[in-house]
Structures are given as structure tokens and as C-alpha cells.
Amino acid sequence: MDRMINFKLNGRPVEARIAPHHTLVELLQEEFALFGARESCGQGLCGCCTVRVDGETVSGCLYLAAFADGTEIETIEGHGTPDALDPVQEAFIETGAFQCGFCTPGFIMMAKRLLEEHPDPEEHEIRDYLSGNLCRCGAYPEIVKAVQLAAHKQKAVSASHVREQA
């Protein structure tokens, strides 16, 4: 039996009619035309469908849409704009951290979460944190460089804010 759910999607209140078997990634694509989170393995093993629910990263292919009721959902589409990219998005472009780009949104979502938890991660911490995301093109060295560059960008922004307040 279908039912209505309400939640915030990238900061905006929304509602949707869902079937009990709908996954979050299906809901995002079918009801909201958001295709950044992509279903690839359908088993939560590759990270291509990574989205954030109440700040925690989840595999959208395994997360039932019904569980989104009353939550706050963030997708890659909620970060940056074409004119003002998020620092992590900028770093991925500047380092060439993607080839086909299919896995890139999932990596960026995980990298953002990593940098919130560890603003200055070591290379092994980056590799460990992103180990649940798979890149079939093998762009891992560039992805690690992108996360390191994003960490430097974010530190520079934080330092400039501190100087402005002093």
C-alpha cells in the first residue's frame, strides 16, 4: 500500500508518495529527478548511491524510502552550484579525480563526511575511509589527492575567517 512521507531534501521540505519496496535512490531519481546517487551494485558494496540521512552516510540502494519520513536528506545536488562549487567538488576537478564520473558523487559525499570528522586526514586515513567506495576506472591516486587538496582548501578558508574576526 502506497503512503505519503515528508522530509527535507537538500534543505527544502518535500513530500512524496512511496510504495513499501521503494529504495531511497529510486525515490530520488523517480520523484525528484536527482540522478547524482546512482545504483550500481544494488547491494551496498560500491558506494555509488551514497547519500546522507540526518548527517550520516547511507547506501541509497539499501535504504528504504519509508525510512526517510521525517528525516533530512542530502544528495550531491545539494552541494555547491555551477557557479560556486563546493571545495571538495573543486578539488576533484583540479586533480582530475574521475574518469567516467559514475562513482564521483559517492566519493565526494564520503570525502565531505571524512573532512567533517577529520579536517586534516593522513593518506592512509583517506584510503581507509573511502574503502567502501569503488572506482572501476582506478582513479584512486587522484581521488586521494583531491581529498588532500580539499582539506588544504578548507583549512585556508578557516584560517582566513579567523584572521577576519581578529
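- L34 CG to T75 OG1: the interatomic distance, rounded to the nearest 0.5 Å, is 5.0 Å.
- Nearest heavy atoms, L134 versus C103: O-CB, 3.4 Å.
- R38 has its side chain out of reach of V25: every pair of non-hydrogen atoms, C-beta onward, lies at least 4.5 Å apart.
- Heavy-atom contacts from other residues, nucleotides or ligands closer than 6.0 Å to NZ of K153 number more than 12.
- A side-chain donor-acceptor contact under 3.5 Å links E77 to the backbone of G36.
- Annotation: side chain of M109 is not in contact with side chain of V88 (no heavy-atom distance under 4.5 Å).
- Side-chain contact between V14 and I73 is absent, with no heavy atoms from C-beta onward closer than 4.5 Å.
- Looking at L115 and P121, their side chains come closer than 4.5 Å, going by heavy atoms from C-beta outward.
- Minimum heavy-atom separation, P20 to D2: CD-OD1, 4.4 Å.
- Taking CG of L9 as the reference point, atom CG of L28 lies at 6.0 Å (rounded to 0.5 Å).
- Between the Q99 side chain and the R136 main chain, no donor and acceptor come within less than 3.5 Å of each other.
- Atom CD1 of I76 is separated from atom CZ of R52 by 10.5 Å, given to the nearest 0.5 angstrom.
- Across all their heavy atoms, C41 and C46 have their closest contact at SG-N, 3.6 Å.
- Transitive grouping of hydrophobic side chains (ILVMFWY, heavy atoms separated by less than 4.5 Å) brings I108 and V144 into a common cluster.
- Between E74 and V51, every side-chain heavy-atom pair lies at or beyond the 4.5 Å cut-off.
- V53 and L114 are not part of a single hydrophobic cluster, where members link through side-chain heavy atoms under 4.5 Å apart.
- Using a 4.5 Å cut-off on side-chain heavy atoms (C-beta onward), F98 and I93 make contact.
- With values rounded to the nearest 0.5 angstrom, I5 atom CD1 is found 5.5 Å from L27 atom CG.
- Residue pairs meeting the ring pair (Phe, Tyr, Trp, His ring centres under 6.0 Å) criterion with at least one member in residues 77-97, sequence neighbours excluded, do not occur.
- Between E39 and Q29, every side-chain heavy-atom pair lies at or beyond the 4.5 Å cut-off.
- Between G44 and L62, the closest heavy-atom pair is CA-CD1, 3.6 Å.
- Of the possible polar contacts, none joining the N6 side chain to the G70 backbone as a donor-acceptor pair under 3.5 Å is found.
- Salt-bridge formation is detected for the pair E123/R127: a Lys NZ or Arg NE/NH1/NH2 atom is positioned less than 4.0 Å from an Asp or Glu carboxylate oxygen.
- Taken to the nearest 0.5 Å, the NE2 atom of H22 stands 11.5 Å off from the CG atom of L24.
- Between E56 and R113 there is a salt bridge, with a side-chain nitrogen of the basic residue lying less than 4.0 Å from a carboxylate oxygen of the acidic one.
- Here the closest heavy-atom approach between residue T50 and residue A37 is recorded as O-CB, 4.3 Å.
- Side-chain contact between L130 and V147 is present, with at least one heavy-atom pair separated by less than 4.5 Å.
- Both F7 and L64 are part of a single hydrophobic cluster, where members link through side-chain heavy atoms under 4.5 Å apart.
- For F35, the CZ atom counts as densely surrounded, since its 6.0 Å shell holds more than 12 non-hydrogen atoms of other residues, nucleotides or ligands.
- Judged by distance alone, the side chain of Y140 and the main-chain N or O of C135 form a donor-acceptor pair under 3.5 Å.
- For the atom pair CD (E117) and OH (Y129), the distance works out to 3.5 Å, reported to the nearest 0.5 Å.
- Taking each heavy atom of P119 and A151 in turn, the nearest pair found is O-CB, 3.4 Å.
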